[in-house]
Amino acid sequence: MIFMHEKIVELLSQTEDYISGQELSTQLGVSRQAVWKAINTLKSQGYVFDSITRKGYKLVAYPEHLNTYAVKSHLNTNLIGKNLTVLDSVTSTNDYLKILGANGCESGTLVASREQTKGKGRLGRVWQTKKDDGIAFSFLLRPDLAPNEITGITPLAGLAVCKAIRDYTGIDCKIKWPNDIITGHKKLVGILTELSAEFSAVEYTITGIGINVEHTQFPQEIAHKATSIFLETGKHIDRNEFLAVVIEYLERELLTNDLRLTEKALKEYTSLCATIGRNVSFFRNSQQLNGVAEKIDNNGELVVKLEDGTLHTVNSGEVTVQGIY
C-alpha cells in the first residue's frame, strides 16, 4: 500500500496534466477503487489534488512537511541527491545509510528524515528533536581517495551549509571549527562524517547533517547554547525548498573542490570561521592546553598558538572556544 501511494505521487509529479483513474489503476495493477482510496489517504497526509470527471487527477501541491517528491521538485544536482528518499522516522540517517552503503548503493545517495530517534552527534552524543522541528539528512560518497585524503569533506560541508543558510535565510551564521554552524554563540547545525575503508582505499563516506529549523524551545540543559532558524528569523521556511538549496550548495563545494580544501575554499572557510582569533582550550594526553586559534591549515586542522608561544595542531577531539558554548 505504501508503494502504491508513492507511485501515485511519482506518476502525478511527472506531469502537469491530469491522469485518469483508469490509467493509474492500469499502471499500478490495482482497481480504480483502490486508486480512489489511496488518493484520499494522500489528501489526509497533506497532498492537494484537483480532480475532474473524465480527466482524472492532477497533483496541485505537496505537504508542507519534508517529503521526497517536494524536495525533488526543487532539486537540480548531478550527483548528490539524485537518489533521494525522505523517511517518516528513523533512528539515525547515518546508520540507515550505512546499511545502504554496505549493500552497494550509488555515490550521491541521500536519506533525509522528518524525525531521528537516535541521531548521532560528535563524541558519541545522541541528538534528538521533535518530529518536523529539524531537518536531518545524510549523503554517501564513494571517492577514489585514501583515508588520509578525505579530510576536506567535513570543512567543505560546513562551508556549504553555512553559505546556504546565509543566502536563504539572511542569518549571519558562522562556522565553529570543526563541524558546527552557529549564530551568535548558539548552535544551529551539527555535522558528522563517518567512513568505511579497507587498507588504503575508502569504500564510502557518509556525512550526516542536522539543522535546527522550527524549534521554539530546547531542553533545559542545551537551551543556552542552541537556536533555530525560526528563533533567529521569526519566519517559517519552506523546508523542502530549503533542503534542495542546501544539497545544491553541498554538491557545488564538494565537487568543484574535488573533495579537497583548496586555497579558495580554505580562504572562504577561514573568513566564516568564528573560532579563529579566539581563546581556545583542549585536552592532549589528559592535560588541558590553552591558546589562541591562529588558522586552519590545508588539511582542515586547527593551528593553535599556546601560551608559551609554540604552535600546536589539533585534528580531532573537543575544543572549547571562549564565548561560544
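If you're wondering where the values come from, they're calculated on a predicted model, not measured in any experiment. Counting from 1, the numbers follow the sequence of the chain as shown.
- Ring-centre distance between Phe282 and His312: below the 6.0 Å cut-off.
- Atom CD1 of Ile165 is separated from atom CG of Asp172 by 12.0 Å, given to the nearest 0.5 angstrom.
- Across Ile8 and Ala38, no two heavy atoms sit closer than the pair CD1-CB, 3.6 Å.
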Might you work through the side chain to side chain donor-acceptor pair (under 3.5 Å) test for Glu248 and Thr77, ending with a clear yes or no?
CA-CA 6 Å; Glu248 290 174 8; Thr77 55; over 6 Å; no
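- In this structure, Asn94 and Leu192 approach most closely via the heavy-atom pair ND2-O, 3.9 Å.
- Side-chain contact between Ile171 and Arg166 is absent, with no heavy-atom pair separated by less than 4.5 Å.
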Applying side-chain contact (heavy atoms from CB on, under 4.5 Å) to Lys187 and Ile181, what does each step give before you reach the verdict?
CA-CA 6 Å; Lys187 180 175 178 177; Ile181 307 301; over 6 Å; no
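- Note on Asp88 versus Lys131: salt bridge recorded, some NZ/NE/NH1/NH2 to OD/OE distance being below 4.0 Å.
- For the residue pair Val202 and Ala197, the shortest heavy atom distance occurs at CA-CB, 4.0 Å.
- In the model, Asn212 has no side-chain atom that pairs as donor or acceptor with a side-chain atom of Ser228 under 3.5 Å.
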Side chain to side chain donor-acceptor pair (under 3.5 Å) assessment of Gln116 paired with Thr93:
CA-CA 7 Å; Gln116 279 194 131; Thr93 54; 3.2 Å; yes
Derivation and outcome, side-chain contact (heavy atoms from CB on, under 4.5 Å), residues Leu97 and Tyr204
CA-CA 11 Å; Leu97 201 46; Tyr204 59 79; over 6 Å; no
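- Minimum interatomic distance between Glu6 and Tyr69 (heavy atoms only, all atoms of both residues): O-OH, 3.5 Å.
- Formation of a donor-acceptor pair under 3.5 Å by the Asp50 side chain with backbone atoms of Val60 is not found in this model.
- Shortest non-hydrogen contact noted between Tyr57 and Leu12 is O-CD2, 3.4 Å.
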Would you sort out whether Ile229 and Ile237 count as a side-chain contact (heavy atoms from CB on, under 4.5 Å), showing the intermediate values?
CA-CA 8 Å; Ile229 290 174; Ile237 63 171; 4.0 Å; yes
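- Under a hydrophobic clustering in which Ile, Leu, Val, Met, Phe, Trp and Tyr are joined whenever their side-chain heavy atoms come within less than 4.5 Å, directly or via other members, Val292 and Phe283 fall into different clusters.
- Residues Glu263 and Lys267 have side chains not in contact (no heavy-atom distance under 4.5 Å, counting atoms from C-beta outward).
- Between Tyr62 and Ser73 the shortest side-chain heavy-atom distance falls below 4.5 Å.
- Val71 is listed as a side-chain neighbour of Leu84, based on a closest heavy-atom distance under 4.5 Å.
- Under the 4.5 Å side-chain criterion, counting only non-hydrogen atoms from C-beta, Val111 is in contact with Leu100.
- Heavy atoms only, all atoms of each residue included: Leu261 and Ala265 are closest at CD1-CB, 4.2 Å.
- By the 4.5 Å heavy-atom criterion applied to side chains, Ile39 and Phe49 are counted as neighbours.
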Chi angles and distances behind the ring pair (Phe, Tyr, Trp, His ring centres under 6.0 Å) call for Phe230, His215:
CA-CA 7 Å; Phe230 176 74; His215 302 70; over 10 Å; no
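- Glu194 has a carboxylate O that lies under 4.0 Å from a charged side-chain N of Lys98, or vice versa, which qualifies the two as a salt bridge.
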Evaluate side-chain contact (heavy atoms from CB on, under 4.5 Å) for Glu251 paired with Asn78, printing each intermediate quantity in order.
CA-CA 8 Å; Glu251 177 162 292; Asn78 294 315; 3.7 Å; yes
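- Residue Gln322 is tested with Asn290, Asn279, Thr275 for a side chain to side chain donor-acceptor pair (under 3.5 Å); the sole match is Asn279.
- Taking a cutoff of 4.0 Å between a charged side-chain nitrogen and a carboxylate oxygen, Lys163 and Glu253 qualify as a salt bridge.
- Cluster annotation: Tyr18 and Leu11 are assigned to distinct hydrophobic clusters (Ile/Leu/Val/Met/Phe/Trp/Tyr, side-chain heavy-atom contacts under 4.5 Å, transitive).
- Grouping the Ile, Leu, Val, Met, Phe, Trp and Tyr side chains by contacts below 4.5 angstrom, directly or via other members, places Val280 apart from Val303.
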Quick one: do Thr193 and Thr207 satisfy side chain to side chain donor-acceptor pair (under 3.5 Å)? Show the steps, please.
CA-CA 4 Å; Thr193 297; Thr207 300; 3.1 Å; yes
Apply the test side chain to side chain donor-acceptor pair (under 3.5 Å) to residues Asn257 and Thr262: give CA-CA distance (whole Å), side-chain angles for both, the deciding distance (0.1 Å), then the verdict.
CA-CA 6 Å; Asn257 293 291; Thr262 61; 2.6 Å; yes
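- Using a 4.0 Å cut-off between charged side-chain N and carboxylate O, Lys264 and Glu268 make a salt bridge.
- Hydrophobic clustering places Val319 together with Leu306 (ILVMFWY residues linked when any side-chain heavy atoms are closer than 4.5 Å, directly or through intermediates).
- The cationic group of Arg239 does not satisfy the cation-pi geometry with Phe242, failing either the under 6.0 Å distance to the six-membered ring centre or the 45° limit from the ring axis.
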